[in-house]
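Atom set for the values below is all heavy atoms of this structure, side chains included, hydrogens, waters and symmetry mates excluded.
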Amino acid sequence: MMVRIKKIFHRGYFQIALYFGFDDALKQKARSIGARWSKTYTCWYVLYNKLNYELILRTFGSVIVLKDENDRAIDVPAPIEQDLVHIAEVVSEISPPLSEEHKGLNPELVAQIVYTGNIGKYWILKIPYNEKLLSKLKEIKGVFWNKKNKAFFVLRHINVKIRVEALLGIGEIFPKDYFNLESVISNPNTYIELNTYSVDPKWMLLGCPAIPYLIEQIKRWEGSRYSKANKAYLLSATPDMLANLQNLAKELNVPIHNHLPDKYLSKRKAVNRKSVRLANLKENLLKQVPARAQVYTLAMLDYLLAMNYSSNTIRIYTNALNLYMRVNNYENPDNYSERTIVKHLSGIIEQGLSSSKADLLISALKFYYKAVLKRENFEINLPRPRREHHLPIVLTKEECIRIFDSVENPKHKLLLLIGYGAGLRRGEIVELKWADILLEEHKIHVKQGKGKRDRIVMLPYALVEYLHNYRTLYPGDEWVFQGQYKGEPLSPTTVSKIMEKAVHAIKIEKKATVHTLRHSFATHLLENGTDVRYIQELLGHKNINTTMIYTHINPKATRKIMSPLDSMPGINVPKSLK
């Protein structure tokens, strides 16, 4: 089918219109070059410029050129059309000029840039890998990479649209369906419905309309889960949860039909956060195996839960068993021989499994055979692989200062400062409550840290006034770092993203994480002459050998040691380095 093109004036700019009959293949090609559908002209169109003209010829081959309204055939557009000058002026006001490296993108790359629609308040844009282009794209506020969809999510806002389209320089990509909360609801009959849950009165049923933004927020609430049987979401039946829902409904201008009886909601029905996490973990682990093998996984879970193991240990041990069964076609593990087990471990390690993870896998299998199957005398001489020893990454004090200075948000800055200043783990930071901050004693009570142990750590004097000011800005009843919704702490993932953004902002090559701040805290204490046993207590290490690793990375201890090469005659060492 031959494609016909024509110059038209549409939506305030000159466009190249593409006309062809119903053809899915041509339709996909049109979308691949960023073309959009016009109901007014009943055609596909792209911005009128030389790049798009050449792109059409490469994509569709030969085309038929039609005359425009003034009986003129379409001419080859100039590299920069005069009709587009006013667009460049608008772009230059809100976005820096493009660097030379992005002018005139590779046509093959352009052909693979595809807008695939929107979800919630974001447009979805798929772009093939190009390091320089993607790094520039990530710098635009409102644009982020979504791993699940393997695409960029672009905020549906006019400023973001202009910046992204200016960076790519291939014309108009996104439609003008900007995200506006007031206009999200087009159907006046759309509403949220609340009902009782007969199975367990601690929960209430939420009938949710198909609004992506609404569903996205509800899924993030603590304890929220979807019931296929009821075709509704289950939420804890508490006044706080209703208040959260009312705020969200008001934001979206959606009415709530509340069918709950009086006194159904109660604070006593609040879901225990630990209980919810373990229930979700248990459900996810059971989904990994077929129904016939779930009895073995469930037996492992029951023992781990009964012995009050941490969530991480439960996940690691059960994952190890599930993997073990998958390799052996989900047969009864009680029938496996020592040779089968060794062969399994050999195959896993051969695929590149680190020795530390292999060691955990061996411990998990031994636990299953001894604790679950009750074979107390069952001993397998499993080869314990030699563990690799890696030195932790450590930041200098100057690098720490640069990271803190790069963060403007008071909450984000405080959580990084307290992570470094007290040597806390990421999970310990988000679990901090105001009751744990002993301001007068300059101490922090860390409750149930790793290994389910409490400990007391220092509260830096420099943070006392900061905490007072912070609480006036973020008045919370319980959590120091309040999450998005009332009664919930900040997500650990959010903390990681804050650190990642700060490290990227100061442009250092070290792969620093939130835990790197903890490593830096210990190293800097050691440099200041603090006894390693005090550092052990502050970090909450059960074994002194874990803390001793920081003695190997103390730069002050090795700074005065000179290599024999430096003392050789004829070798010139700059005085500034001596």
Asks: Can you name the side chain to side chain contact (heavy atoms under 4.5 Å, CB included) partners of Ile316, sequence neighbours left out?
Replies: Leu360

Asks: What pair of heavy atoms forms the shortest contact from Thr196 to Pro261, and how long is it?
Replies: CG2-CD, 3.4 Å

Asks: Who passes salt bridge (Lys or Arg N to Asp or Glu O under 4.0 Å) against Arg36, sequence neighbours left out?
Replies: Glu172

Asks: Applying salt bridge (Lys or Arg N to Asp or Glu O under 4.0 Å), can you list everything that pairs with Lys433, at least two apart in sequence or on another chain?
Replies: Glu478

Asks: How far does CD1 of Ile498 sit from CG of Leu415, to the nearest 0.5 angstrom?
Replies: 4.5 Å

Asks: Please report the closest heavy-atom contact between Val372 and Ala299, naming both atoms and the distance.
Replies: CG1-CB, 3.7 Å

Asks: Looking only at atom types and distance, does a side-chain atom of Lys161 sit under 3.5 Å from a main-chain N or O of Phe174, one as donor and one as acceptor?
Replies: yes

Asks: If you define the side chain from C-beta out and look only at heavy atoms, does anything of Leu234 sit under 4.5 Å from Leu205?
Replies: yes

Asks: Are any non-hydrogen side-chain atoms of Ile429 and Leu490 less than 4.5 angstrom apart?
Replies: no

Asks: If you round to the nearest 0.5 Å, how far is CD1 of Ile173 from CD1 of Ile127?
Replies: 7.0 Å

Asks: Roughly how far apart are Asn195 CG and Leu206 CG, rounded to 0.5 Å?
Replies: 9.5 Å

Asks: Taking the side chain as every heavy atom from C-beta outward, state whether Met307 and Ile314 have any atom pair closer than 4.5 Å.
Replies: no

Asks: Could you pull out all residues at least two apart from Tyr309 that satisfy ring pair (Phe, Tyr, Trp, His ring centres under 6.0 Å)?
Replies: Phe367

Asks: Could you check Leu194 against Leu242 for side chain to side chain contact (heavy atoms under 4.5 Å, CB included), going step by step and ending with a plain yes or no?
Replies: CA-CA 10 Å; Leu194 289 176; Leu242 179 61; 3.6 Å; yes

Asks: With a 3.5 Å distance limit and no angle check, can you tell me whether Arg455 reaches the backbone of Leu538 through a side-chain donor-acceptor pair?
Replies: yes

Asks: Any side-chain heavy-atom pair from Trp44 and Arg31 closer than 4.5 angstrom?
Replies: yes

Asks: Measure across Ser406 and Ile403 and return the closest heavy-atom pair with its distance rounded to 0.1 Å.
Replies: OG-O, 2.7 Å

Asks: Does the side chain of Pro175 reach to within under 4.5 Å of the side chain of Tyr115, using non-hydrogen atoms?
Replies: yes

Asks: List the steps and the verdict of side chain to side chain contact (heavy atoms under 4.5 Å, CB included) for Ile437 and Ile444.
Replies: CA-CA 5 Å; Ile437 306 293; Ile444 299 174; 4.2 Å; yes

Asks: Ala320: what forms a side chain to side chain contact (heavy atoms under 4.5 Å, CB included) with it, not counting sequence neighbours?
Replies: Leu361, Ala364

Asks: Under a 3.5 Å distance rule, please check whether Arg156 uses its side chain to pair with a backbone N or O of Tyr122 as donor and acceptor.
Replies: no

Asks: Below 30° counts as parallel, above 60° as perpendicular, anything between as tilted: where do the rings of Phe144 and Phe153 land?
Replies: tilted

Asks: Hey, does the side chain of Asp200 reach the backbone of Lys202 with a donor-acceptor pair shorter than 3.5 angstrom?
Replies: yes

Asks: Check side chain to side chain contact (heavy atoms under 4.5 Å, CB included) between Asn335 and all other residues, then give those that pass, not counting sequence neighbours.
Replies: Asn332

Asks: Let me confirm one number: the OG1-CG distance from Thr472 to Leu467, rounded to the nearest 0.5 Å.
Replies: 11.0 Å

Asks: Take Tyr369 and Lys374 through the side chain to side chain contact (heavy atoms under 4.5 Å, CB included) test and state the conclusion after the steps.
Replies: CA-CA 7 Å; Tyr369 279 99; Lys374 297 297 181 185; over 6 Å; no

Asks: State, to 0.1 Å, how close Ala293 and Met325 come at their nearest heavy-atom pair, and which atoms those are.
Replies: O-CE, 4.1 Å

Asks: For Tyr197, give me all partners under ring pair (Phe, Tyr, Trp, His ring centres under 6.0 Å), at least two apart in sequence or on another chain.
Replies: none

Asks: Checking Glu193 side chain against His257 main chain: does a donor-acceptor pair fall under 3.5 Å?
Replies: no

Asks: Donor-acceptor pair, Asn230 side chain versus Ala232 backbone, under 3.5 Å?
Replies: no

Asks: Looking at Lys411, I want to see if its NZ is surrounded by more than 12 non-hydrogen atoms of other residues, nucleotides or ligands under 6.0 Å.
Replies: yes

Asks: Looking at Thr516 and Thr513, would you say the former's side chain and the latter's main chain have a donor-acceptor pair under 3.5 Å?
Replies: yes

Asks: List for me each residue that meets ring pair (Phe, Tyr, Trp, His ring centres under 6.0 Å) alongside Tyr466, sequence neighbours excluded, and say none if there are none.
Replies: none

Asks: Who passes salt bridge (Lys or Arg N to Asp or Glu O under 4.0 Å) against Asp23, sequence neighbours left out?
Replies: none

Asks: Which is it for Tyr368 and Tyr296 under the ring pair (Phe, Tyr, Trp, His ring centres under 6.0 Å) test, yes or no, and what are the steps along the way?
Replies: CA-CA 10 Å; Tyr368 184 78; Tyr296 311 126; 7.7 Å; no

Asks: One pair to check against side chain to side chain contact (heavy atoms under 4.5 Å, CB included): Leu459 and Glu441. What are the steps and the verdict?
Replies: CA-CA 8 Å; Leu459 171 63; Glu441 302 175 41; over 6 Å; no

Asks: Can you sort out the partners of Tyr264 under ring pair (Phe, Tyr, Trp, His ring centres under 6.0 Å), two or more places apart, ordered by chain and number?
Replies: none

Asks: With side chains defined as the heavy atoms from C-beta onward, is the minimum distance between Thr42 and Trp37 less than 4.5 Å?
Replies: yes

Asks: Take atom NE2 in His259; do more than 12 heavy atoms of anything else shown fall under 6.0 Å from it?
Replies: yes

Asks: Please check if the number of heavy atoms outside Arg292 that lie under 6.0 Å from its CZ is greater than 12.
Replies: yes

Asks: So, using side chain to side chain contact (heavy atoms under 4.5 Å, CB included) as the criterion, who are the partners of Gln288 when residues are at least two apart?
Replies: Leu285, Asn319, Asn322

Asks: Heavy atoms only: give me the nearest Lys282-Leu301 pair and the separation to one decimal.
Replies: CG-CD1, 3.7 Å

Asks: Lys269: which residues meet the salt bridge (Lys or Arg N to Asp or Glu O under 4.0 Å) condition with it, sequence neighbours left out?
Replies: none

Asks: How many angstroms lie between atom CZ of Phe152 and atom CD1 of Ile124, to the nearest 0.5 angstrom?
Replies: 13.5 Å

Asks: To check you understand the geometry: which heavy-atom pair defines the closest contact between Ala502 and Leu416, and what is its length?
Replies: CB-CD1, 4.5 Å

Asks: Is there side-chain contact between Tyr470 and Lys413, with heavy atoms separated by less than 4.5 Å?
Replies: no

Asks: With side chains defined as the heavy atoms from C-beta onward, is the minimum distance between His468 and Leu439 less than 4.5 Å?
Replies: yes

Asks: Could you state the interatomic distance from CZ (Phe521) to NE2 (His515), rounded to the nearest 0.5 Å?
Replies: 12.0 Å

